Amino acid sequence: MSIPYAALACAALLCVYILHRRRSRSSLLADIRGPNAESFLLGNYRQIRQGQVGEVDFEWQERYGAVLRFKAPLGEDRLMICDPKAIQHIFQTNFTNYTQPPQDREVLRTLLGPGIAWADADTHRRHRKVMSPAFGVAQAKSLIPLFRATAESLTSKWRTILISGDEEDALHEDIYPVVINLPKWINRASLDIIGEAAFGYDIGALDDLESELGKAYENMTIEAFALPNTAAVLAQGCMHLLPPPVVRFLFDHIPNRGLERLRSVKKVVNGVARSLVTEERGVHSLDRTRGGMGKAKGFDLLTLLINANSSHNGSSKLSREEMLAQVCTVLFAGHDTTAATLCFALYELAKDQRAQQRLRDEIRAARARGVRDLEDKDKWVNEIDNLPYFNSVIKEVLRLHPVGYHMNRQPRTDDVIPLHKPIVTSKGEQISDVFVPAGTKMIISVAGYHRNKDVWGPDAHAFKPERWLDASFPGLNNKTGLTVGMYSNLMTFSGGFRSCLGWRIALFELQTFLFDLIDQFHFSLTKDATRLRREPCLVMAPMVEGQSGKGAQLPLQVSIAPRD
Ligand code: HEM
């Protein structure tokens with residue numbers, strides 16, 4: 001037998017052995033109820049990957065409870081978890097025992113480099129220690145003027161479009177109102193913010209629709225991950241059978257349109273990152289050719305990061321390659337997420353005109369008190385945080401549309417996970433904890449947890465901002481007695497030691513934009529928007545059913561909101 005064939009045979013035998021071991025270990029989960037596999041080859045993976053975000057999670061949770069078993073390709077048992085106590089255990093109480101599956105980390109390494117999102121255990125602790133100081137409350141507050149300026153830029157562009165009726169992919173209805181495809185603009189505004197906030201780098205995506213970075217990121221996750229065909233579903237589902245270096249090799253080399261798209265974005269982003277982080281001491285070169293420091297006024301996360309890094313010694317310091325990866329990570333983690341959340345907020349408000357008007361009334365009363373332009377950032381935060389309906393709308397959108405809808409985890413050692421609400425096994429037994437063998441793959445369904453009726457009430461699927469105003473509402477910590485996640489008992493920004501570092505930045509950005517957009521514009525649904533798809537593509541994206549070729553889409557009818 002030639003050497004390549006012998007190597008192939010050994011690899012095949014190794015896969016069979018791994019599969020056999022996994023199946024015998026995972027059969028320990030066989031008593032947990034869950035859906036039947038569609039086929040041995042695909043398990044339930046096609047339903048999860050080809051459906052909309054949360055579609056099967058909601059259905060299965062209803063039928064089997066908040067912890068359920070499903071099949072991965074080739075018969076492997078996996079768990080889906082939507083129970084608050086189980087989530088608290090995995091992310092907080094016993095967090096050191098849980099890790100991202102190594103193959104998932106390889107995807108992150110391919111996309112973003114060896115930065116904080118990829119790092120595990122001690123390496124992750126080292127990255128987090130250096131990065132955390134750059135993401136404090138004071139730092140986030142200092143970015144408020146940048147958020148305001150970019151929101152102004154966006155609103156003035158939309159006003160121009162409304163007056164001229166000149167939105168290229170708009171369906172004009174007597175010129176006014178105009179249909180605007182929101183993600184096209186909001187994603188670019190958000191990218192400009194993260195470039196300036198994080199690196200003092202003026203990307204200029206809002207002004208220049210041809211900007212290199214803006215074009216590179218446009219619909220990147222959709223083109224790489226959305227609507228996978230059956231072969232892609234199978235490949236993704238079997239990835240865990242391969243050793244991580246093989247996964248890395250395949251990601252870097254196999255000819256595939258989605259992967260090629262990711263590789264080309266990586267090249268562009270790396271180029272930008274390299275221009276920011278120079279060889280000498282990892283100090284960035286301040287290459288702000290497109291307009292200087294501008295709105296961030298000399299304050300950016302990268303400068304803070306470099307200063308923080310220089311105060312660390314030897315082994316705790318980040319290398320240049322790691323610094324480059326942090327630039328790529330923050331650029332990616334910080335823009336699509338916030339932009340998609342804002343899009344879904346405007347979608348819900350376009351559907352619920354009563355909520356939109358109530359929100360506008362509250363915003364305009366605040367504006368009349370001078371809140372919008374308060375120079376003192378502490379006062380601004382205080383005033384904004386005290387707008388009850390406004391913040392309820394934001395929380396409700398973060399609950400209903402968590403853009404990071406799934407998080408994958410696996411225990412390093414055997415564990416017993418406690419449950420908030422007992423589940424019934426296939427043998428009819430009621431259990432209030434679940435034994436999980438080391439290495440069990442789990443989807444923590446943030447989408448599912450956010451619709452868990454035992455936490456959020458029987459109307460968990462409804463957009464109902466008022467629920468946050470009701471002190472007896474079961475979703476508030478005092479009733480369940482559980483603290484899950486880092487913001488309002490939600491898992492949108494995750495929780496514990498891997499929680500989102502940029503959550504305050506995201507929140508201030510959402511608050512600033514929502515304030516201005518609802519103050520100035522009126523939004524209503526179009527026919528296309530009634531066919532909105534919540535597309536699972538790493539970060540949930542809005543798309544229109546049947547129009548996948550057009551990428552991210554949320555076409556809403558926009559007009560100037562009349563003043564009394
Ligand atoms: C609505 C907006 C956002 C959402 C929903 C969000 C959500 C998340 C989630 C769920 C994670 C954890 C992922 C995991 O453990 O698998 C995360 C991590 C992270 N996020 Fe965000 N994020 C948002 C905005 C931002 C912004 C604006 C920044 C930066 C300015 C940022 C930077 C990060 C970083 C650096 C991590 C990695 C933290 C670590 O691994 O320790 N995020 N984010």
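When a ligand or atom number is given, it counts from 1 through the structure's own listing order. The structure displayed is predicted, hence computed values, not measured ones. Counting from 1, the numbers follow the sequence of the chain as shown.
Closest to atom 10 (C) of ligand 1, if we only count protein heavy atoms, is Thr492 O, 3.4 Å. Of all protein heavy atoms, the one closest to atom 24 (C) of ligand 1 is Thr337 OG1, 3.5 Å. Here the protein heavy atom with the shortest distance to atom 36 (C) of ligand 1 is Leu501 N, 4.1 Å. Of the protein's non-hydrogen atoms, Arg498 O, 3.6 Å is the one closest to atom 12 (C) of ligand 1. Taking atom 26 (C) of ligand 1 as the reference point, the nearest protein heavy-atom neighbour is Gly334 CA, 3.5 Å.
By the 30° and 60° cut-offs, the orientation of the rings of Trp468 relative to Trp456 is tilted. The aromatic rings of Tyr487 and Trp503 are tilted relative to each other, their planes meeting at an angle between 30° and 60°.
Within the 4.0 Å heavy-atom criterion, the part of Arg409 lying near ligand 1 is the side chain and not the backbone. Of all the heavy atoms of Ala119, none lies under 4.0 Å from any atom of ligand 1, so neither backbone nor side chain is involved. Under 4.0 angstrom from ligand 1, the non-hydrogen atoms of Thr341 all belong to its side chain. Contacts between Met407 and ligand 1, counted as non-hydrogen atom pairs separated by less than 4.0 Å, involve the side chain only. Counting heavy atoms closer than 4.0 Å to ligand 1, residue Ile194 contributes side-chain atoms (C-beta onward) but none from N, CA, C or O. Here Thr338 has heavy atoms under 4.0 Å from ligand 1 in both its backbone and its side chain. Contacts between Arg128 and ligand 1, counted as non-hydrogen atom pairs separated by less than 4.0 Å, involve the side chain only.
Every atom of ligand 1 is numbered from 1 in the order shown, and the set under 4.0 Å from a heavy atom of Ser499 is 38 (C).
For Asn219 (side chain) and Ile222 (main-chain N/O), no donor-acceptor pair under 3.5 Å exists by modelled atom type. Checked by atom type and distance alone, the side chain of Gln61 pairs as donor or acceptor with a backbone atom of Gly448 at under 3.5 Å.
Taking each of Ile444, Leu108, Ile116 in turn, the one with a heavy atom nearest to atom 37 (C) of ligand 1 proves to be Ile116. Checking Ala198, Gly115, Gly502 against atom 31 (C) of ligand 1, the nearest heavy atom belongs to Gly502. The heavy atom nearest to atom 33 (C) of ligand 1, out of those in Ala340, Ala333, Ala140, Ala339, is found in Ala333.
Ligand 1 is never approached by Trp503 to a heavy-atom distance shorter than 4.0 Å. At least one heavy atom of His124 sits less than 4.0 Å from an atom of ligand 1. Using a non-hydrogen distance threshold of 4.0 Å, Cys500 registers as a contact of ligand 1. Residue contacts with ligand 1: His406 is excluded, as none of its non-hydrogen atoms falls under 4.0 Å.
A salt bridge between Glu152 and Arg372 is present, with a side-chain N of the basic residue lying under 4.0 Å from a carboxylate O of the acidic one. A salt bridge does not link Asp352 with Lys464: every distance from a Lys NZ or Arg NE/NH1/NH2 to an Asp or Glu carboxylate oxygen is 4.0 Å or more. Ionic pairing of Lys317 and Glu322 is not present here: no N-O contact between side-chain nitrogen and carboxylate oxygen is shorter than 4.0 angstrom.
Ring centroids of Trp380 and Phe515 are separated by 6.0 Å or more, keeping the two rings apart.
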Subject >> Stepwise side-chain hydrogen bond (donor to acceptor under 3.5 Å, both in side chains) test for Glu383 and Asn386 >> reply: CA-CA 5 Å; Glu383 287 281 353; Asn386 278 318; over 6 Å; no
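Of the candidates Lys129, Arg498, Gln100, His124 forms a side-chain contact (heavy atoms from CB on, under 4.5 Å) with just one, namely Arg498.
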